[in-house]
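One structure is given below, encoded as C-alpha cells.
A, B, ... follow the sequence lines: proteins, then strands. Residue 1 opens every chain.
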Number of protein chains: 2
Amino acid sequence: MNQRPPVPERLLAAAADLFARDGFDAVSVRRITSRAKANLGAITYHFGSKEALFHAVIDRVGAHLADRFVSIAAEKGAPLERIGRIVTMVLTEPNLPAPTMILRELAMDRPLPPPLVQMMQRNMGAMMGLIREGQADGSIRAGDPALLAMSVMAQPFLLRMASRIPRDIAGVDGNDPSTQRKLVKHVVTTITRSLAS
Amino acid sequence: MNQRPPVPERLLAAAADLFARDGFDAVSVRRITSRAKANLGAITYHFGSKEALFHAVIDRVGAHLADRFVSIAAEKGAPLERIGRIVTMVLTEPNLPAPTMILRELAMDRPLPPPLVQMMQRNMGAMMGLIREGQADGSIRAGDPALLAMSVMAQPFLLRMASRIPRDIAGVDGNDPSTQRKLVKHVVTTITRSLAS
DNA sequence: CTTTGGTTCATACGTATGTATGAGTAGCTA
DNA sequence: TAGCTACTCATACATACGTATGAACCAAAG
C-alpha cells in the first residue's frame, strides 16, 4: 500500500510550510512535530536542532528557486526576455516560499543562514550573467551588473506579497487572477524600461 | 537637574530599537524592560500588552516615515526630482526602522498591524500624488499610479538592507559611504528610467 | 533465534515567556 | 493632615520552550 513519507521528509515539509508563513521565531518544535505527526524528539534526532532544521528548509526551498533561475536563464531568448520570464516566475509560481524567507531573513539583525547565502549567490549569478549578456549585445544599458540584478529582483520579491497589502492601498487585489496578470505585466514593463539601453 | 525621560517614553525607545532589529517574536518583555531600566510590569501597566506596545512603536516610526514622505512630496521641484529625493532619503537616512519593519510584517502570515496600514496609506498617497502630477505634466509615463508607486518603493526598501548582503554577492559593501553614494545614484537612475515618459 | 542498529516514544528538565497582582511610594489636592 | 491617584515594585502564576534521555520497537543480518 501507499507508505507515508519517512519522518525526516514529513518534518521538512511541515517545517517548510510553517517557517515560510510565520518565520523561525514564531514556530515551535512542538508545532512542527505535531503538523508532521512525528515525535517531539524527532527534530533533534534527525537534524540536531531546530536551527539545523531551519537551515535544511532554506537549503531545500533555496535550491528550488535557484534551480528555476538558472534553468530559465539557460533557455533560448533575448536576455531581457529571459529576465522577464524569471520575474514572471517569481510573481506567479505558487508554493514559492523562498522570496519571502529571503526578505524576512534580510530584515533580521542576525547572520544570514549559510544556505540562504548560497541561494543568493546562485540567483545573483544567473541574473548578473543575463545582464552582462544583454550589455554585451547592446540591449541592456551600462551599469554595475550586481546593482542592476538587485534592482531587478527587488520588485518581484516585494510585489509577490502584494496580496498582503489592503486593496485600497495597493490599488489591486493581489488575490484576483486578472489583477495578477496586470501586476506581472506592470513589473515586467517597469523592469524592462529600467534596464533597456 | 536633567530628568530622565518618563517610563513610557523609555519603553517606546527600547522597544523601537529591539523590535526594529529582531522583530516582534524574538524580543521578550523582559528584554525591553531591562533595556528601558523599567519594571517588568511597566509594559502591561502603560500599554496593556506587548502587542499594544509593538503597535505603538509602529505608529511612532511609521508616522515619522510618512511625515518625511509627505514633507518631501510638498517641496518644490519636478515630480521625478522629488521622487528621487524620497528614494535618497529612504536609502541614506540613519535611524529609519520603518522600511525594515514594513517588509518584515509583510513577510509574516498574520494581519498587518493597523498603524502599519495607516503609514502605508500615507506613504502611498504621497508617492501616488507625485506620480499623478508627473503624468499630468507629461514627465511620467502612463500607468496605474498605485503599481508605479509600489515599484518605486520596492527598490529602496529592499536595497536599504544591502549592507546585510555579503559584499561578494551584492557587489558593493553597503557599509562603505562611497558605495552608498553609488547605490543611491544607481537606484535613483533606475527608478527615473522606469518612470520617465 | 539472537544481535545490532536505526528509529520512535514518553517523559523530564531547566529555562523562558507574558500577564497578573497586591504592596509600597510619591505627588497632588482639599 | 488625610485621602486619592498614578506609578513602580517584587513576586507569582500558568504555560511554553528546545533539548536530552532511557526505554521500547522494528527490521535486517548472521
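Distance OG1/B:Thr190 to NZ/B:Lys185: 10.0 Å, rounded to 0.5 Å. Atoms CZ and CZ, from A:Arg110 and B:Arg164 in turn, are 8.5 Å apart once rounded to the nearest 0.5 Å. Taking OG1 of B:Thr100 as the reference point, atom CG of A:Asp109 lies at 9.5 Å (rounded to 0.5 Å).
For the pair A:Asn39 CG and D:dA20 C1', the interatomic distance rounds to 12 Å; values are reported in whole Å. Atoms CG (A:Leu53) and P (D:dC17) sit 15 Å apart, rounded to a whole Å. Distance CZ (A:Arg10) to C1' (C:dC9): 13 Å, rounded to an integer number of Å. Taking atom NE2 of B:His46 as the reference point, atom C1' of D:dC9 lies 12 Å away to the nearest angstrom. Straight-line distance from the CD1 atom of A:Ile32 to the P atom of D:dC17: 11 Å, rounded to whole Å. Distance NZ (A:Lys37) to C1' (C:dT8): 16 Å, rounded to an integer number of Å.
Aromatic ring pairs are classed by plane angle as parallel below 30°, tilted from 30° to 60° and perpendicular above 60°; the pair A:Phe54 and A:Phe24 is tilted.
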Spell out protein contact along nucleotides 14-19 of chain C as letters: B when the base is contacted, S when just the sugar-phosphate is, - when no protein heavy atom is under 4.0 Å; keep the 5' to 3' order. ---BBB
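Distance alone, capped at 3.5 Å, is enough to place a donor-acceptor pair between the B:Arg141 side chain and the B:Ser194 backbone.
In terms of heavy atoms, B:Arg68 sits closest to B:Glu93 at NH2-OE1, 2.8 Å.
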